[in-house]
S.K.: 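Dropping the structure in here first, questions after.
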2 protein chains.
Amino acid sequence: MPKPGPRLRLVDVAERAGVSLATASRSLTGRDGVSEEVASRVRQVAAELGYVANPYARTLAGGASSSVGLVVHQVDDPYFSEIAGGVIQVAGEQGLMVQICHSGRDPHYELRQIRHLIAQRVGVIIIAGSGYNDPRIEAETKAELTAFQSLGGRVAVIGRHALGVDAVLPDNEAGGRALGAHLLDLGHRRIAVAAGTGGLTTVTDRMAGVLGALRDRGLDPAEMPVVHTDFTRDGGCRATERILRDHPDTTAIIALNDAMAMGVLSVLRGQKIPVPKRMSVVGFDDVSVAADLAPSLTTVRLPMTDLGRMALELALKPKSARARRRPTGHRLVVRDSTGPAPR
Amino acid sequence: MPKPGPRLRLVDVAERAGVSLATASRSLTGRDGVSEEVASRVRQVAAELGYVANPYARTLAGGASSSVGLVVHQVDDPYFSEIAGGVIQVAGEQGLMVQICHSGRDPHYELRQIRHLIAQRVGVIIIAGSGYNDPRIEAETKAELTAFQSLGGRVAVIGRHALGVDAVLPDNEAGGRALGAHLLDLGHRRIAVAAGTGGLTTVTDRMAGVLGALRDRGLDPAEMPVVHTDFTRDGGCRATERILRDHPDTTAIIALNDAMAMGVLSVLRGQKIPVPKRMSVVGFDDVSVAADLAPSLTTVRLPMTDLGRMALELALKPKSARARRRPTGHRLVVRDSTGPAPR
DNA sequence: TTGAAAGCGCTAACAA
DNA sequence: TTGTTAGCGCTTTCAA
């Protein structure tokens, strides 16, 4: 890897403005102890020269780290790319850089990435995406983040609750409940669930909502088939095949995210099973393509871009004594993939 | 923003290993001048202690910058998120961090982002996304990148040819030609184009291919309606409305990317115009949802993830005397959105 | 092959 | 309000 070249330094600016290094530094960092008159002259000179501080020197000297580490399961999954978009927007407004990395839905790999970000001395860490139902790994992650925070780092997470840090919490349970209620209202009684991997808390939470909806109507949740596969389009395909094979009389499939729902629709299309005439399908998230699928997908809308924005905004606020929680709303969006139960 | 906290330093490792700072540094950076015996002992100790070098200190001291700057138009556009996925994959394999930023399809803003990345002392810059048909801004960008390279920085671009740097070049023109030929083969003669903003070279190149296909058959390109709108889903909607209004006898619409094609399909669906029975539609890129649209989209497949991978791999190679060019193939993927011209 | 010491460009005590 | 100066943790001459 290349070396950085010689560039404009703060001394150059200071000299040109006829002040000391310290005064120049104070002027540009907006610290007080400088007369506004001098400060603005320095800023002026810096701007003219096109000076930009060397972040490495600045950080090393004990200044602020100006980068944000963002951990997503996979950036080319629309759910995460929309969140990333929100984070990058806010970062851009604040002049911060965003360092992005993948966790690949592997808790150990995720922990490694987090450690790497900390070693890289980012100032803020945002973790997007489901937590894991494994208390040991969550505890390890929590310990790492706590240590990071105690050294002055800031953390916010999206959709995880077990980490003891500021969190933006999409309403997974209520969303699941809304989905279940919607199908029950349409008269469906033989509903199957294409669920993601059992190890993900998002799956658990959404599932809890669905089960709650059944209980609300006095139905027995135990009778509902739940198929656990990957929390991806491909997982949706495989789950659907299993559902069609083992429970051929199913009239509605709940996919616990839109990616899975796309897999569900794809298999149904392949098997020429009409949606929603013979089978209703719902998803969760409302990624931007959900409206363009055929049939367009009934789903629960989560404001992903805002989730990303809120998370970074939360992390950038002065630290509070205890972890803040920002619940986010959800909205059932009824489209063409759901209809009355057949017969 | 927080300060970095006290952490393990190289001196600690050196002390623990019973060597000097210099030797420890040499051992860990793999530089020679150390006996293999000592070096491996130092590495061992570092590993035990979980030591990770402070990148700020390392870079400041004239070492290598280990981060990659990635500029995309918009990360929540599937085309770019897939490219980003590829870049992040390779970066992960090499232990590099990826700093991502948006250009928002604005050449001036893009240039600002590039300058910011350079100021941040990234070692590598990858620019994804169309160039601009404005020679002045391209020249400015080129100058900036050239200066960056002459200071040891590495650059690679995806889908831009005017920058004089290593480039991965998707076959836009041949892809456009394939699309045109496909529709002509199906008997379409009244074809309209939903093109992106005229200022983008990608639009120009794909358009050139389409026009070439017409000329190949001895048809007059001048007769084909071309509507320029934003290179997005929304632009596709607006273009379609204009096409339907001004050229109601059109039998096929070529959208110059899949995002626009999704807008096209959406408007046609809204107006109950059957696809492909009454109107054929094609896109370009083959983003992963293209196969899940209804009808599934005929398009030109570009290997986006590979584009991202190749770009970073190219940038990481030792610099060559002149700019390298890696053309990438394309493949027409015929799905359900195209059919014979009506009557 | 190893070590001592001089910076890299900046911030933050401390002094004036 | 301003300036002087001592580091931040590392790499890299230069000497040994």
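Labels below follow one simple rule: chain letters A, B, ... track the order of the sequence lines, proteins then strands, and each chain is numbered from 1.
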S.K.: Under 4.0 Å between a side-chain N or O of B:R9 and OP1 or OP2 of D:dC8?
M.R.: no
S.K.: Taking only distance into account, with no hydrogens and no angle test, what donor-acceptor pairs under 3.5 Å do side-chain atoms of residues 90-101 of chain B form with protein atoms, sequence neighbours excluded?
M.R.:
unit_1, atom_1, unit_2, atom_2, d
B:E93, OE1, B:R309, NH2, 3.3
B:E93, OE2, B:R309, NH1, 3.3
B:E93, OE2, B:R309, NH2, 3.3

S.K.: Looking at side-chain heavy atoms only, is the closest gap between A:L312 and A:Q89 below 4.5 Å?
M.R.: no
S.K.: Evaluate the side-chain proximity of A:D76 to B:M304: yes if any heavy-atom separation is below 4.5 Å, no if none is.
M.R.: no
S.K.: Between B:R115 and B:L111, does the side chain to side chain contact (heavy atoms under 4.5 Å, CB included) criterion hold? Intermediate values first, please.
M.R.: CA-CA 6 Å; B:R115 292 200 167 117; B:L111 183 52; 3.7 Å; yes
S.K.: Should B:V155 and B:L163 count as side-chain neighbours, where that means a heavy-atom distance under 4.5 Å?
M.R.: no
S.K.: By the definition side chain to side chain donor-acceptor pair (under 3.5 Å), identify the one residue from B:R154, B:K319, B:R322 that meets it with B:D166.
M.R.: B:R154
S.K.: Let me have the donor-acceptor pairs involving side chains of residues 49-57 of chain A, under 3.5 Å, with sequence neighbours excluded, atom names and distances please.
M.R.:
unit_1, atom_1, unit_2, atom_2, d
A:N54, OD1, A:Y56, N, 2.7
A:N54, OD1, A:A57, N, 3.2
A:Y56, OH, B:Q120, O, 3.4

S.K.: Strictly below 4.0 Å: does B:Y51 bring a side-chain N or O up to OP1 or OP2 of D:dC10?
M.R.: yes
S.K.: Answer yes when A:E36 and A:R43 have at least one side-chain N-carboxylate O distance shorter than 4.0 Å, and no when they do not.
M.R.: yes
S.K.: Evaluate side chain to side chain contact (heavy atoms under 4.5 Å, CB included) for A:Y132 paired with A:R160, printing each intermediate quantity in order.
M.R.: CA-CA 9 Å; A:Y132 305 96; A:R160 315 177 59 140; 3.8 Å; yes
S.K.: From C-beta outward on A:L60, which listed nucleotide comes closest to its side chain: D:dC8, D:dC10, C:dC8?
M.R.: D:dC8
S.K.: Check whether any side-chain heavy atom of B:T146 sits under 4.5 Å from a side-chain heavy atom of B:S150, and report yes or no.
M.R.: no
S.K.: Distance check needed: C:dG9 C1' versus A:R58 CZ, whole Å only.
M.R.: 11 Å
S.K.: Are A:H102 and A:V72 packed together at the side-chain level, in the sense that at least one heavy-atom pair is separated by less than 4.5 angstrom?
M.R.: yes
S.K.: Could you go through nucleotides 14-16 of chain D and list every protein N or O atom that sits under 3.5 Å from one of its N or O atoms, giving the distance for each pair?
M.R.:
none

S.K.: When you look at A:R41 and A:S27, which way does the side chain to side chain contact (heavy atoms under 4.5 Å, CB included) test go after all the steps?
M.R.: CA-CA 9 Å; A:R41 181 157 46 88; A:S27 306; over 6 Å; no
S.K.: Quick one: are B:D306 and B:T328 in side-chain contact, heavy atoms under 4.5 Å?
M.R.: no
S.K.: To the nearest 10 degrees, how far apart in direction are the end axes of the helix from C:dT1-D:dA16 to C:dA16-D:dT1, each fit to five base pairs?
M.R.: 40°
S.K.: Could you list by number each residue of residues 35-48 of chain A showing a heavy-atom separation from DNA chain D of less than 4.0 Å, or answer none if no residue does?
M.R.: A:S35, A:V38
S.K.: Could you identify which residues of residues 12-23 of chain B place a heavy atom less than 4.0 Å from some atom of DNA chain C, listed by residue number, or say none?
M.R.: B:V19, B:S20, B:A22, B:T23
